[in-house]
Amino acid sequence: MPDRDEDRNPIEDRQDRVPPGIDTSKPNISRVYDFMLGGKDNFAADRQVAEMALKIAPDAPAAARSNREFLRRVVRHLAAEAGIRQFLDIGSGLPTQGNVHEIAQEIDPEARVVYVDNDPMVLAHGRAILAITETTTVIQADIREPDKILDHPEVRRLIDFTEPVGLLLFSILHHLNDDEDPGGIADRLRAALPPGSYVAVSHFHNPGAERPVVSQQAAEAERIFNENLGTGRWRTGEEILAYFGDMEVLEPGLVPLVEWRPDAYDNHEVGITYYTYVGGVARKP
């Protein structure tokens, strides 16, 4: 007699679908983020770390949603107003509602998108979702090796570096430690972009003396993050702005995510993470 759906364990089902090479006993940044967004592609180790983070920042799920809303507004602006038709999304994470290709291709169905992530689970899920399109793909690569990304055959197939590009660095640079030279990596990626291109960044932020209580909370969050998930850096505004080099930063500048050209229905709650997660967009002249 076949198993009935109600008799099946959803957790066991997820374990059965884990791609080869995935260690579900260790927490993973993409899956913790997936949990914060209410997704199902996470495991006990991921949820344990997420619960620890929630003790410090109960509004962390709202921060994750704010990052997705920021992404949506940025991509829509770049596609609809700046005329960008090709996007390179590095550190894309697990597919969820409102992906870059969905937003951009609402504006122009021929818009091209390459997702890049170093997590094999992201690769497996992305390929399953994107198998039907010739304008969108996902590759497994690490931002620490920018030349391998820029020279990847699939990147070269879809991205024409003689035409403006939208480079998306959402929640990725703060996972690079200082000795991994995130500034140098950002410089290399920017250098590959032609004039008229845009760079968008979202990043964990420590406001320092301007907001001392928030600064202490950011430092504690950084400690827990580094003890359990590898690298997480809450940087100053000056450090984050340096990733744009000499590019022209669009108004309203580097701001809390919900303050970047908000829509009326975006999340505006001022919680603990409000000032510790910021974003901005800049144009290459």
Side-chain angles (χ1 to χ4, degrees), residues 37 62-117 126 129-130 132-139 149 154-155 157-173 186 189-190 192-203 240-241 243-268 277-285:
L37 286 170
R65 291 192 299 272
S66 292
N67 190 52
R68 293 303 295 186
E69 292 167 356
F70 174 61
L71 177 147
R72 172 180 52 77
R73 296 194 304 273
V74 168
V75 174
R76 183 177 295 163
H77 170 78
L78 295 184
E81 300 182 41
I84 299 298
R85 292 296 179 265
Q86 46 184 2
F87 295 85
L88 182 58
D89 183 2
I90 302 179
S92 54
L94 287 160
T96 186
Q97 185 177 8
N99 297 294
V100 172
H101 72 283
E102 295 169 329
I103 302 164
Q105 290 168 8
E106 282 184 0
I107 308 299
D108 184 347
E110 298 303 314
R112 304 182 302 281
V113 179
V114 178
Y115 296 104
V116 182
D117 206 285
I129 290 173
L130 304 173
I132 60 172
T133 176
E134 289 296 319
T135 58
T136 309
T137 192
V138 55
I139 66 169
I149 295 173
E154 284 294 280
V155 173
R157 180 177 70 86
L158 287 180
I159 304 296
D160 178 359
F161 285 97
T162 67
E163 297 292 335
V165 177
L167 174 63
L168 310 179
L169 300 173
F170 292 100
S171 299
I172 180 65
L173 292 171
L189 292 169
R190 277 197 329 272
L193 304 177
S197 295
Y198 291 79
V199 175
V201 173
S202 65
H203 198 292
I240 300 167
L241 282 170
Y243 296 136
F244 295 122
D246 60 357
M247 297 177 72
E248 175 190 357
V249 179
L250 274 59
E251 292 294 335
L254 185 73
V255 293
L257 298 178
V258 299
E259 294 183 14
W260 198 91
R261 306 189 181 192
D263 294 328
Y265 49 83
D266 283 334
N267 171 35
H268 293 273
Y277 210 171
V278 297
V281 181
R283 182 181 183 275
K284 187 171 185 177

Please give me the minimum heavy-atom distance between [X] and [Y], naming the atom from each residue.
{"X": "Val201", "Y": "Phe70", "result": "O-CE2, 3.7 Å"}
{"X": "Pro285", "Y": "Met247", "result": "CD-CA, 4.3 Å"}
{"X": "Ser66", "Y": "Val258", "result": "OG-CG1, 3.4 Å"}
{"X": "Arg190", "Y": "Lys284", "result": "O-NZ, 2.9 Å"}

Inset, instruction - Rounded to the nearest 0.5 Å, what's the gap from CD1 on Ile139 to CG on Asp117? Could you check? - result: 10.0 Å
Side-chain contact test, heavy atoms from C-beta onward, threshold under 4.5 Å: evaluate it for [X] versus [Y] and give yes or no.
{"X": "Leu254", "Y": "His203", "result": "no"}
{"X": "Leu257", "Y": "Ser202", "result": "yes"}
{"X": "Arg68", "Y": "Phe170", "result": "no"}
{"X": "Phe161", "Y": "Val155", "result": "yes"}
{"X": "Pro256", "Y": "Tyr277", "result": "no"}

Legend entry - Flag, side chain of Glu259 to backbone of Val255, donor-acceptor distance under 3.5 Å: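 Absent.
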Legend entry - Residues Arg72, Asp263: salt bridge by 4.0 Å N-O rule: yes
Legend entry - All ring pair (Phe, Tyr, Trp, His ring centres under 6.0 Å) counterparts of Phe244, not counting sequence neighbours: none
Legend entry - Under the ring pair (Phe, Tyr, Trp, His ring centres under 6.0 Å) test, residues paired with His101 that sit two or more places apart: Tyr115
Legend entry - Residue list, side-chain hydrogen bond (donor to acceptor under 3.5 Å, both in side chains) with Ser92, at least two apart or on another chain: none
Inset, instruction - Could you tell me whether the side chains of Thr135 and Glu110 share a donor-acceptor contact shorter than 3.5 Å? - result: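 Per modelled atom types, Thr135 and Glu110 side chains form no pair under 3.5 Å.
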Inset, instruction - Verify side chain to side chain contact (heavy atoms under 4.5 Å, CB included) between Val100 and Thr136, making sure each step is shown before the conclusion. - result: CA-CA 10 Å; Val100 172; Thr136 309; over 6 Å; no
Listed pairs under 3.5 Å, donor-acceptor, residues 192-200 side chains, sequence neighbours left out:
unit_1 : atom_1 : unit_2 : atom_2 : d
Ser197 : OG     : Val165 : N      : 2.9
Ser197 : OG     : Pro194 : O      : 2.8

Side-chain donor-acceptor pairs under 3.5 Å in residues 78-91, sequence neighbours left out?
unit_1 : atom_1 : unit_2 : atom_2 : d
Glu81  : OE1    : His77  : ND1    : 3.4
Arg85  : NE     : Asp108 : OD2    : 2.9
Arg85  : NH1    : Ala79  : O      : 2.7
Gln86  : OE1    : Arg112 : NH2    : 2.7
Gln86  : OE1    : Asp160 : N      : 2.8
Gln86  : NE2    : Asp160 : O      : 2.7
Gln86  : NE2    : Glu163 : O      : 3.1
Gln86  : NE2    : Pro164 : O      : 3.1

Inset, instruction - Kindly write out the residues that satisfy side-chain contact (heavy atoms from CB on, under 4.5 Å) with Arg157, not counting sequence neighbours, or none if the list is empty. - result: Glu134, Thr137, Glu154
